[in-house]
Amino acid sequence: MTTSDYLLYTGLFAAILITQLGTRHPDAKRLLLPVAIVGGIGAKYLTGMPAGTTDHLLELAGLAAGLLLGLAAAALIKVRRDDADGRLVTIAGWPYAAVWTLALALRLGFAYGSTHWFTASIASFSAAHHMPSTAYGTAFVIMVLTMIVVRTVAVVLRGRASGASIDFRDLRIARRLAR
């Protein structure tokens with residue numbers, strides 16, 4: 001990973017925490033923006049997904065880790081209806097931030113470790129299993145994207161269950177799909 005990659009992931013992490021920690025009244029755009037950002041960033045990794053069996057196992061591991069971390073994040077964010085105006089309210093504190101910090105530490109720790117601490121082990125494993133180096137980045141992109149999608153879907157479903165209003169009709173893409 002390059003310095004710009006480290007800065008990109010750290011910036012994404014900071015943006016997620018800054019926009020979600022504390023008490024928030026997210027609208028549909030605010031809920032879907034992290035999914036769009038990670039999807040856009042991940043597109044460069046996901047368009048050239050490796051096709052080997054071991055690669056797919058690594059991608060499934062990324063999916064499973066993202067699912068678990070997303071469910072943990074969803075469990076640690078409170079979702080309710082604002083009695084005053086009926087809008088969605090989310091409340092996230094330090095345990096929620098800890099889950100996101102763990103996800104970032106996994107990504108950056110692996111990236112740094114693979115180039116500084118366990119380079120030979122990664123190289124021999126990759127060679128033995130015919131796995132390109134891009135497979136690792138793809139697995140982590142899948143992990144983060146899954147984590148964000150799971151958290152977003154959980155917030156929307158729990159918000160709707162509480163009777164909170166979340167209006168998706170104001171989104172340009174929703175208007176286009178409705179035509």
Side-chain angles (χ1 to χ4, degrees), residues 1-21 26 30-77 79 90 92-158 173:
M1 250 175 49
T2 65
T3 302
S4 63
D5 289 333
Y6 283 106
L7 292 173
L8 177 67
Y9 283 105
T10 304
L12 179 61
F13 166 78
I16 287 170
L17 288 185
I18 288 168
T19 60
Q20 294 178 8
L21 283 179
R30 172 85 51 152
L31 286 169
L32 296 179
L33 185 61
V35 176
I37 290 171
V38 172
I41 292 169
K44 88 175 194 182
Y45 292 97
L46 299 178
T47 54
M49 283 179 60
T53 305
T54 308
D55 304 350
H56 292 317
L57 291 175
L58 189 61
E59 291 157 4
L60 284 173
L63 183 72
L67 183 62
L68 291 174
L69 290 167
L71 289 171
L76 295 171
I77 190 168
V79 179
T90 60
W94 70 266
Y96 180 80
V99 170
W100 283 99
T101 303
L102 174 62
L104 179 71
L106 287 171
R107 173 64 179 122
L108 297 184
F110 182 84
Y112 187 82
S114 66
T115 57
H116 294 89
W117 299 326
F118 43 86
T119 308
S121 298
I122 291 290
S124 65
F125 177 84
S126 297
H129 298 284
H130 309 289
M131 193 157 45
S133 60
T134 56
Y136 300 102
T138 301
F140 280 109
V141 167
I142 290 170
M143 179 190 84
V144 173
L145 187 56
T146 303
M147 183 179 176
I148 289 174
V149 168
V150 167
R151 192 256 331 150
T152 302
V153 168
V155 166
V156 169
L157 292 176
R158 289 171 55 205
I173 189 138

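Basis for what follows: all heavy atoms, side chains included, without hydrogens, waters or symmetry-related copies. Nothing fancy with the numbering, it's 1 onward along the sequence.
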Side-chain donor-acceptor distances from residues 68-75 under 3.5 Å, at least two apart:
none

Reported [atom1]-to-[atom2] distance for the pair [X] and [Y], which is rounded to 0.5 angstrom:
X	Y	atom1	atom2	result
Leu58	Ile142	CG	CD1	8.5 Å
Trp100	Ile16	CH2	CD1	4.0 Å
Leu21	Thr90	CG	OG1	9.5 Å

Quiz prompt | Contacts of type side chain to side chain contact (heavy atoms under 4.5 Å, CB included), residue Leu104, not counting sequence neighbours | solution =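 Testing Leu104 for side chain to side chain contact (heavy atoms under 4.5 Å, CB included), a comparison that skips the adjacent residues, returns Tyr9, Phe13, Leu108.
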Quiz item: Which heavy atom in Thr138 sits nearest to a heavy atom in Glu59, and how many Å separate them?
Solution: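 What the structure gives for the nearest pair is CG2-OE2, 4.0 Å.
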Self-check item: Over all atoms of both residues, closest heavy-atom pair of Gly66 and Thr146
Solution: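 Scanning both residues, the minimum pair turns out to be C-CG2, 3.7 Å.
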Would you tabulate the side-chain donor-acceptor contacts of residues 147-156 under 3.5 Å, counting partners in other chains and residues two or more places apart, or write 'none'?
from	atom 1	to	atom 2	distance (Å)
Arg151	NE	Tyr96	OH	3.4
Thr152	OG1	Ile148	O	2.8

Quiz item: Does the pair Arg30 and Thr19 meet the rule for a side chain to side chain contact (heavy atoms under 4.5 Å, CB included), with working shown?
Solution: CA-CA 8 Å; Arg30 172 85 51 152; Thr19 60; 3.5 Å; yes
Quiz item: Arg107 side chain to Val144 main-chain N or O, any donor-acceptor pair under 3.5 Å?
Solution: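 Judged by distance alone, no pair lies under 3.5 Å.
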